[in-house]
Amino acid sequence: MKALIITAAIVGAETMKSDNPNLPYSPEEIAIEATKCREAGASMVHVHGRLANGQPTQDRETFAKILTEVRNRSDILVQFSTGGAVGMSVQERIEAIDLKPDMATLTTGSVNFGDECFLNTFPMIVQIAEGLKKHAIRPEIEVFDSAMIGTALKLQKMGLLEGPLHFDFVMGMPGGIAGSEAALTFLVSQIPEDATWSVAGLGRFEFPLAKLAIERGGHVRVGLEDNIYISKGVLAAGSWELVEKISEFSRSLKREISTPEQTRNLLKIQ
Ligand code: KMH
Ligand code: ZN
């Protein structure tokens, strides 16, 4: 089995410090957390921007500071969110991609997001994919439900995505695909043979799905964006603690943890 890529989703757009005070907001806090996650075994961080009051932002200047602060401290790979927060325009969501992060996300469909809708019409998806292609940024395809795989394959046929594709299955969100083993098995069965995949289980689904991914040759995303608890009712000391738990489990199964350099090669990041 290939070494395990652990991605730390350390910020998000929905979790607030009032949910878990260890959530970072400022670029400096984000960079410090990213460094701790790297020490705990993560080779990539998935980041969103936040204003000082915690409000989500995709502002280019904020992302520039995040990139600089992280790169000054660590060799961890940096993946920008192009999902941002519900209700943002595509223009807003991709404002920072010319900064050339190592990767950026691409959600290939719309999904109910709690009481709201995370809107990604086909023209919106094409616009984001074109932006990523223009700046030669490797996309991580975010799949909240199975139909999003078909749309990614269509984009590949159109020449907007280059194989081998890399998918991240975001599972267990109210409105999205269930966080069950059967659902994971189905998603994996739908992607091309040469594709790579990771799983981001939300809330209580984070650890059970991560374990399945480690055992099945997939990769794992954990972090306060997805889950704020280290165990039932106990807040995580930071995303790094969630990463540490995954690293320990992987080592116990004798699966090596990927370094940023190995991840770069595995995911064909330029
Ligand atoms: N915050 C969600 C609406 C991504 O980062 O690409 C979208 C999201 C996906 O988190
Ligand atoms: Zn995100």
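Read the numbers this way: they start at 1 and go in the same order the structure lists the ligands and their atoms. All heavy atoms count here, side chains included; hydrogens, waters and symmetry mates do not.
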Any idea which protein heavy atom is nearest [atom], and the distance to it?
atom: atom 8 (C) of ligand 1; value: His48 CE1, 4.0 Å
atom: atom 9 (C) of ligand 1; value: Gly83 CA, 4.0 Å
atom: atom 6 (O) of ligand 1; value: Thr105 OG1, 2.7 Å
atom: atom 5 (O) of ligand 1; value: Ser81 OG, 2.7 Å

Would you find a donor on one side and an acceptor on the other, under 3.5 Å apart, between the side chain of [X] and the backbone of [Y]?
X: Thr82; Y: Ile94; answer: no
X: Arg38; Y: Ser74; answer: no
X: Asn20; Y: Ala236; answer: yes
X: Glu241; Y: Ala237; answer: yes

[X]: numbered ligand 1 atoms lying under 4.0 Å from its heavy atoms:
X: Phe113; value: 2 (C), 3 (C)
X: Glu14; value: 1 (N), 2 (C), 3 (C)
X: Glu225; value: 10 (O)

Lys/Arg-Asp/Glu bridge criterion (N-O < 4.0 Å) met for [X], [Y]:
X: Asp102; Y: Arg71; answer: yes
X: Arg73; Y: Glu28; answer: yes
X: Lys245; Y: Glu206; answer: no

Looking at [X], pick out the N, O or S atom nearest to the Zn ion (ligand 2) and give its name.
X: His48; result: NE2
X: His46; result: NE2
X: Glu225; result: OE2

Checking the N or O distance criterion of under 3.5 Å, is ligand 1 in contact with Gly84?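 So ligand 1 has an N or O lying under 3.5 Å from an N or O of Gly84.
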
For the residue pair Thr196 and Pro164, establish whether any side-chain heavy-atom pair is separated by less than 4.5 Å.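 When only atoms from C-beta onward are counted, Pro164 and Thr196 do not touch, as no gap falls below 4.5 Å.
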
Report the distance from atom OG1 of Thr105 to atom CZ of Phe80, rounding to the nearest 0.5 Å.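 Answer for the OG1-CZ pair, Thr105 versus Phe80, is 11.0 Å.
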
Within 2.8 Å of the Zn ion (ligand 2), is there any N, O or S atom belonging to Glu142?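 Here the distance criterion (N, O or S atom, under 2.8 Å) is not met by Glu142, so no.
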
Sub-4.0 Å heavy-atom approach of Pro56 to ligand 1: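 Flag not set, Pro56 not near ligand 1.
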
